[in-house]
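Structure, as structure tokens:
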Amino acid sequence: MGATSLALRAATLARGTLLFVLANHVSTLYAFTYPENFGSIRPYNHQKSALASTTETMTFEPIFDFSLNNTVESFERIDDAIMGGISTSALRDVPREPYASWSGVCRIDGGGFCGMRTLAFEEPLQVGKNADGFYVYCRLTSDNEPERRVWKMTTRTERSRGEELYQAQFTLPKNNTNGEWTRIRIPFSNFRLVRGPRMVQGGTPLNTTGGIYQIGLSLSKFQLSQNTSEIENFRPGFFELQLKAIGVYSNSSKSFLQLSEPNTLSPEESKRRRPLIVKALSPVLSLLFSEQSRRRKSAMKMLMEQKGLSRTQAIMFGIRQRAENYGMFRSVLSYAGFALADSIRAVLRTAINYGVFLPIRLILKLFSLPEKMRSPKTKHRDLTF
């Protein structure tokens with residue numbers, strides 16, 4: 001019994017380590033690409049924002065003012081590509097406009113969420129003891145059905161970029177036909193500790209007194225719950241949320257919110273600080289978990305199911321479409337390269353399955369044999385009268 005328990009614990013630890021490696025590696029792999037001339041530490045240009053304001057009852061102080069130049073460079077993409085999905089999104093500056101655009105296409109094939117988050121903070125961001133929550137100064141411009149998606153804000157109170165963080169759902173206003181901007185307030189008390197997509201039962205409440213290490217937004221089909229429940233009538237497809245600011249607020253007009261400047265690590269520095277095991281596995285993970293490969297498979301599936309094409313017809317359709325931009329020779333050559341890469345991935349997955357996971361399963365079965373042998377035998381029926 002002791003040996004079996006030890007083996008199961010080792011298997012669970014190995015699985016958790018693998019998931020941590022995959023989540024950290026792939027989320028970095030699909031982050032934004034930035035110019036190479038940035039330094040190792042990217043200081044946020046914390047000028048006095050024109051969006052800081054005080055009403056009769058409240059105080060608002062931006063952390064990230066998207067009317068200022070280069071603010072979007074403090075963020076990275078964190079879509080469902082980290083779990084096998086094909087959704088994609090990006091946060092971009094809008095030329096000659098005092099806001100940024102977070103837009104993309106959310107697909108439910110293999111995933112069902114889009115997100116963005118700040119790059120790793122060099123030091124924790126002190127939000128101040130008078131702050132009561134975060135706010136998002138935004139407007140939804142792609143459609144008038146915000147209720148058909150789950151909108152969440154995320155934050156971390158530890159340096160780790162693992163799967164545990166704090167999330168809170170928020171509601172965007174409906175019938176915003178006049179393009180009005182709205183400050184959405186998300187109280188700190190609404191945040192719940194989550195692990196992956198699930199809420200941790202009895203998780204510790206959010207405590208910002210030690211500072212925070214990350215801020216993020218996500219759009220999802222998954223509600224904040226303990227059982228990964230999905231929203232009914234989820235709306236996939238294109239979305240655009242325009243952002244003027246993300247900051248903190250106080251429920252008192254007399255509060256003074258003194259914010260420190262969030263210095264974020266550049267993508268290059270983040271890669272250098274990754275654990276050695278992640279660096280070692282990066283080439284293999286890049287090959288095995290290719291987002292481009294998943295997108296090709298999804299396109300193939302759509303052509304075969306929705307257009308009624310055979311596999312050969314779907315391939316020829318793709319070659320002809322690509323040939324319109326790159327020429328027939330380059331198109332055929334590209335598809336030959338895709339086929340070769342996909343074949344190598346299939347061989348590697350099979351090798352890992354039989355070379356790693358199958359032996360682990362066999363070892364676990366061997367450990368369980370003594371336990372079965374020690375189990376009490378079935379009693380013979382007493383035939384005496």
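Here the options are Tyr249, Tyr166, Phe134, the test is ring-ring contact (aromatic ring centres under 6.0 Å, His included), and the partner is Phe188; only Phe134 passes.
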Query raised in the report: When you look at Gln167 and Arg192, which way does the side-chain contact (heavy atoms from CB on, under 4.5 Å) test go after all the steps?
Result: CA-CA 5 Å; Gln167 281 187 349; Arg192 297 293 182 268; over 6 Å; no
**Report entry** Verdict with supporting geometry, Tyr135 and Phe60, ring pair (Phe, Tyr, Trp, His ring centres under 6.0 Å)
**Finding:** CA-CA 8 Å; Tyr135 78 90; Phe60 297 91; 5.2 Å; yes
Requested in this report: Determine, step by step, whether Thr71 and Leu68 satisfy the side-chain contact (heavy atoms from CB on, under 4.5 Å) criterion, reporting the C-alpha distance in whole Å, the side-chain angles of both residues, the deciding distance to 0.1 Å, and the verdict.
Outcome: CA-CA 6 Å; Thr71 303; Leu68 304 178; 3.8 Å; yes
Report task. Please lay out, stage by stage, how Trp181 and Lys244 fare under the test side-chain contact (heavy atoms from CB on, under 4.5 Å). Result -> CA-CA 9 Å; Trp181 294 89; Lys244 277 192 174 182; 3.5 Å; yes
Report task. Please step through side-chain contact (heavy atoms from CB on, under 4.5 Å) for the pair Thr154 and Leu217, ending with a clear verdict. Result -> CA-CA 6 Å; Thr154 62; Leu217 297 175; over 6 Å; no
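With contacts defined as side-chain heavy-atom distances shorter than 4.5 Å, the pair Arg92/Val94 does not qualify. Contact check for Met116 versus Phe75: side-chain heavy atoms found under the 4.5 Å cut-off. You'll find the side chain of Pro173 reaches within 4.5 Å of the side chain of Ile184, heavy atoms only. Here the side chains of Gln169 and Gln223 are in contact, with some heavy-atom distance below 4.5 Å. Looking at Val200 and Val194, their side chains never come closer than 4.5 Å, going by heavy atoms from C-beta outward. At least one side-chain heavy atom of Arg156 sits under 4.5 Å from a side-chain heavy atom of Arg117. For the pair Leu172/Cys138, a side-chain contact is recorded, criterion being any heavy-atom separation below 4.5 Å from C-beta on. Side-chain atoms of Phe64 and Thr118, non-hydrogen and from C-beta on, do get closer than 4.5 Å to each other.
Centroid-to-centroid, the aromatic rings of Phe239 and Trp102 come within less than 6.0 Å.
In terms of heavy atoms, Phe191 sits closest to Met153 at CE2-O, 3.5 Å. Residues Ser89 and Gly115 approach most closely at OG-O, 3.7 Å, considering heavy atoms. Summarising the geometry of Asp80 relative to Arg107, their closest heavy-atom pair is OD2-O, 3.5 Å, with the distance given to 0.1 Å. When every heavy atom of Ile63 is checked against every heavy atom of Val248, the shortest pair comes out as CD1-CG1, 3.8 Å. Nearest approach of Met199 to Gln226, heavy atoms of both residues: O-CG, 3.6 Å. The minimum heavy-atom distance between Phe238 and Ser103, with the atom names listed, is CE1-CB, 4.1 Å.
Side chain to side chain, Thr141 and Glu240 meet the donor-acceptor criterion of an N or O pair below 3.5 Å. The closest side-chain donor-acceptor pair between Asp79 and Ser87, if any, does not fall under 3.5 angstrom.
Counting only distance, with no hydrogens or angles, the side chain of Ser220 and the backbone of Val150 share no donor-acceptor pair below 3.5 Å. Distance alone, capped at 3.5 Å, places no donor-acceptor pair between the Ser250 side chain and the Thr59 backbone. Side chain of Lys152 to backbone of Gly216: no donor-acceptor contact under 3.5 angstrom is found. A distance-only check finds no donor-acceptor pair linking the side chain of Asn190 to the backbone of Ala168 [under 3.5 Å]. Of the possible donor and acceptor atoms, none in the side chain of Ser101 sits under 3.5 Å from a partner among the backbone N and O of Gln242.
A tilted orientation is assigned to the rings of Trp151 and Phe170, their planes being inclined by 30° to 60°.
Hydrophobic clustering keeps Leu219 apart from Leu165 (ILVMFWY residues linked when any side-chain heavy atoms are closer than 4.5 Å, directly or through intermediates). Note on Ile215 and Leu224: separate hydrophobic clusters, where clusters join Ile, Leu, Val, Met, Phe, Trp and Tyr whose side-chain heavy atoms are under 4.5 Å apart, directly or indirectly.
A distance of 10.0 Å separates CD of Glu145 from CG of Leu140, quoted to the nearest 0.5 Å. Remark: Asn70 CG to Glu73 CD distance equals 4.0 Å, nearest 0.5 Å. Between the OG atom in Ser225 and the CD atom in Glu230 there is a gap of 10.0 Å [rounded to 0.5 Å]. Of the inter-residue distances, the one linking Leu125 atom CG with Thr157 atom OG1 reads 12.5 Å to the nearest 0.5 angstrom. Put simply, CZ on Arg149 and CG on Leu241 are 9.5 Å apart, with the number rounded to the nearest 0.5 Å.
With a 6.0 Å radius and a threshold of 12 heavy atoms from other residues, nucleotides or ligands, Ile231 has its CD1 atom above the threshold. Taking a 6.0 Å sphere around CD of Glu158, one finds it holds 12 or fewer heavy atoms contributed by other residues, nucleotides or ligands. Counting heavy atoms of neighbouring residues, nucleotides and ligands inside a 6.0 Å radius, atom CZ of Arg148 exceeds 12 of them.
No salt bridge links Asp143 with Lys174; every basic N to acidic carboxylate O contact stays at or beyond 4.0 Å.
Relative to the six-membered ring of Tyr99, Arg139 meets both conditions, a distance below 6.0 Å and an angle of at most 45° to the axis. Tyr137 carries Arg183 over the face of its six-membered ring, with the cationic atom under 6.0 Å from the centre and within 45° of the normal.
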